[in-house]
Amino acid sequence: MSNVAAYALPAADGSFEKITIERREPGPNDVAIDIKYAGICHSDIHTARDEWGGAQYPCVPGHEIAGVVAAVGSAVTRFAVGDRVGVGCLVGSCGRCAPCLAGDEQYCANGATWTYNSRVAPEVQANGYTLGGYSTGIVVDESFVLAIPEGIGLDVAAPLLCAGITLYSPLRHWNAGPGKKVAIIGMGGLGHIGVKIAAALGAEVTVLSQSLRKRDDGLRLGATHYRATSDRQTFRELRGRFDLIINTVSADLPIDDYLKLLALDGTLVLLGLPEKPLQVTGRNLVNYRRSLAGSLIGGLAQTQEMLNFCAAHGIGAEIELIAADEIDEAYDRVVASDVQYRFVIDAATI
Ligand code: NAP
Ligand code: ZN
């Protein structure tokens, strides 16, 4: 075991504090990573503040990890010391079930192991549950380590490991591309990367945001249209327009209003988890053969494909780099939708 520094929340209503955690010695298939940057995903906040229940403390969040390989186990074949690498939301899965064999490890039938707050044996992580990327080092099975191509800075690559794949996967699954009209609801951490990726795939992109405050940025990142959902006119004018709508918002939205914006065979995909059950009027699905769907991050192979795609298209996240002692403030600002557009922790400050 080796000790590394980390930032942890001691309780749901506590403040982040610096602690020391143990990481296992790398086994034959493990890669030890010196973490350089960790993005702050809204899911970190939901988990650490126990909004989803089941949080274990001290809680070290962080599943948008970028760093450099520090050591490799004897059987590791894909990585060498000094390689630029990333780790996303997943650090383990059974590898035998149908979803795992199909490359959809995030839907592992036997329960995937998440990068933080997942129960594991003490030999995997001494406390009995995983601790994430708000730390200076992590040890991960090489199957769950991604190569970060040259040409993307590690700081702007970090958010791709969750936000990037979470948008890339449904955009590819529902065939966003030339001739397709795609809407992204919410231009936050997930949404802004979705705008960039959907535009790079060749789709016509519309942002549906609460206000026009971030309009100039949206258009600069690749959107063709930017509309305010606070304006009822938006819903009247865009009726029946979109082939695909991706909802990155976890707040309870009037889903019926958004379903009516779908064209024939259009799909509305949920990424956020609304607190209350959705209220959906059957007619809005039956009309125009519309679908309501959901999507959870993406598998390992597709995450690598996404990183390669982003490198080829010059796509990284728009970030605000912060020191580790600014995490509490950053959390409050994310909750207030006041971030442009992803906070990234500089691990040198941990
Ligand atoms: P974020 O940076 O906070 O962005 C969310 C955006 O939603 C905000 O920027 C805001 O955009 C909009 N919004 C916020 N409150 C709203 C409200 N009350 N009504 C309407 N719109 C509102 O969060 P994120 O990191 O992108 O994550 C978004 C959600 O996705 C979180 O719930 C997270 O847990 C979830 N998530 C899901 C997956 C998955 O695999 N499915 C992966 C990662 C995260 P505007 O200001 O433009 O309106
Ligand atoms: Zn995330």
Side-chain angles (χ1 to χ4, degrees), residues 38-52 61-65 86-90 104-107 112 114-117 132-134 158-171 173 183-197 205-219 221 223 226-231 234 246-255 257-258 269-276 293-299 302-303 306 317-320 330-344:
I40 294 179
C41 176
H42 207 128
S43 301
D44 298 354
I45 303 173
H46 293 308
T47 303
R49 292 185 171 171
D50 208 18
E51 292 164 8
W52 286 340
H63 59 206
E64 294 186 335
I65 300 169
V87 178
C89 302
L90 286 165
D104 288 322
E105 296 89 351
Q106 74 277 28
Y107 303 120
W114 305 99
T115 304
Y116 58 81
N117 205 49
Y134 298 3
L160 300 178
L161 274 303
C162 173
I165 184 59
T166 298
L167 273 292
Y168 184 83
S169 188
L171 286 166
H173 187 84
I184 309 271
I185 311 175
M187 203 174 83
L190 264 55
H192 92 282
I193 293 178
V195 170
K196 289 190 179 193
I197 293 176
V205 183
T206 300
V207 176
L208 301 173
S209 182
Q210 294 170 92
S211 73
L212 296 180
R213 191 168 53 90
K214 296 177 272 191
R215 182 173 177 274
D216 290 349
D217 285 348
L219 299 182
L221 301 184
Y226 198 106
R227 302 295 300 262
T229 53
S230 52
D231 180 356
T234 296
I246 300 200
N247 180 12
T248 74
V249 179
S250 57
D252 297 305
L253 297 184
I255 287 297
D257 288 351
Y258 290 88
V269 181
L270 303 180
L271 298 179
L273 297 178
E275 261 176 52
K276 296 195 203 113
S295 184
L296 179 65
I297 52 169
Q302 194 176 45
T303 303
M306 175 277 305
E318 306 287 303
I319 65 166
E320 293 191 49
Y331 271 31
D332 291 340
R333 284 187 52 199
V334 171
V335 171
S337 299
D338 174 27
V339 50
Q340 288 167 341
Y341 281 85
R342 198 58 139 187
F343 286 113
V344 172

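Both counts, for ligands and for their atoms, begin at 1 and track the order of listing. Atom set for the values below is all heavy atoms of this structure, side chains included, hydrogens, waters and symmetry mates excluded. Numbering of residues begins at 1 and proceeds along the displayed sequence. From a predicted model like this one, the values you see are computed outputs, not experimental measurements.
Of the protein's non-hydrogen atoms, S209 OG, 2.5 Å is the one closest to atom 47 (O) of ligand 1. Here the protein heavy atom with the shortest distance to atom 40 (O) of ligand 1 is I297 N, 2.7 Å. Summary of contacts: the protein heavy atom closest to atom 7 (O) of ligand 1 is V249 CG2, 3.5 Å. Residue, atom and distance of the protein heavy atom nearest to atom 28 (C) of ligand 1 are T248 O, 2.9 Å. Counting protein heavy atoms only, atom 39 (C) of ligand 1 is closest to T166 CG2, 3.5 Å. The nearest heavy-atom contact from the protein to atom 8 (C) of ligand 1 is S337 OG, 3.5 Å. For atom 46 (O) of ligand 1, the closest non-hydrogen atom on the protein side is K214 NZ, 2.7 Å. For atom 31 (C) of ligand 1, the nearest protein heavy atom (residue, atom name, distance) is H46 NE2, 3.7 Å.
Taken from CD1 in I297 to SG in C162, the straight-line distance is 6.5 Å, to the nearest 0.5 Å. The OG atom of S250 lies 4.0 Å from the NE2 atom of H46; values are rounded to the nearest 0.5 Å.
Computed with the Zn ion (ligand 2) at the centre, the C162 SG to H63 NE2 angle is 110°, stated to 10 degrees.
A donor-acceptor contact closer than 3.5 angstrom links the side chains of D44 and Y134. Defined by atom type and a distance below 3.5 Å, a donor-acceptor pair is present between the side-chain atoms of D217 and Y341. Counting only N and O atoms by type, the side chains of S209 and Y226 include a donor and acceptor under 3.5 Å apart.
Here S211 has no heavy atoms under 4.0 Å from ligand 1, in either its backbone or its side chain. Contacts with ligand 1 closer than 4.0 Å are made by heavy atoms of both the backbone and the side chain of S43.
When the options G189, G188, G194 are ranked by their closest heavy atom to atom 9 (O) of ligand 1, first place goes to G188. With R213, H42, Q210 as candidates, the residue nearest to atom 16 (C) of ligand 1 on a non-hydrogen basis is Q210.
For a distance bound of 2.8 Å, the N, O or S atoms of H42 include none lying that close to the Zn ion (ligand 2). Taking backbone and side chain together, C89 holds no N, O or S atom under 2.8 Å from the Zn ion (ligand 2).
E64 contributes a side-chain N or O that, together with a main-chain N or O of A163, makes up a donor-acceptor pair within less than 3.5 Å. The closest donor-acceptor contact from the side chain of Q106 to the backbone of L296 lies under 3.5 Å. The closest donor-acceptor contact from the side chain of T229 to the backbone of L208 lies at 3.5 Å or more, if one exists at all.
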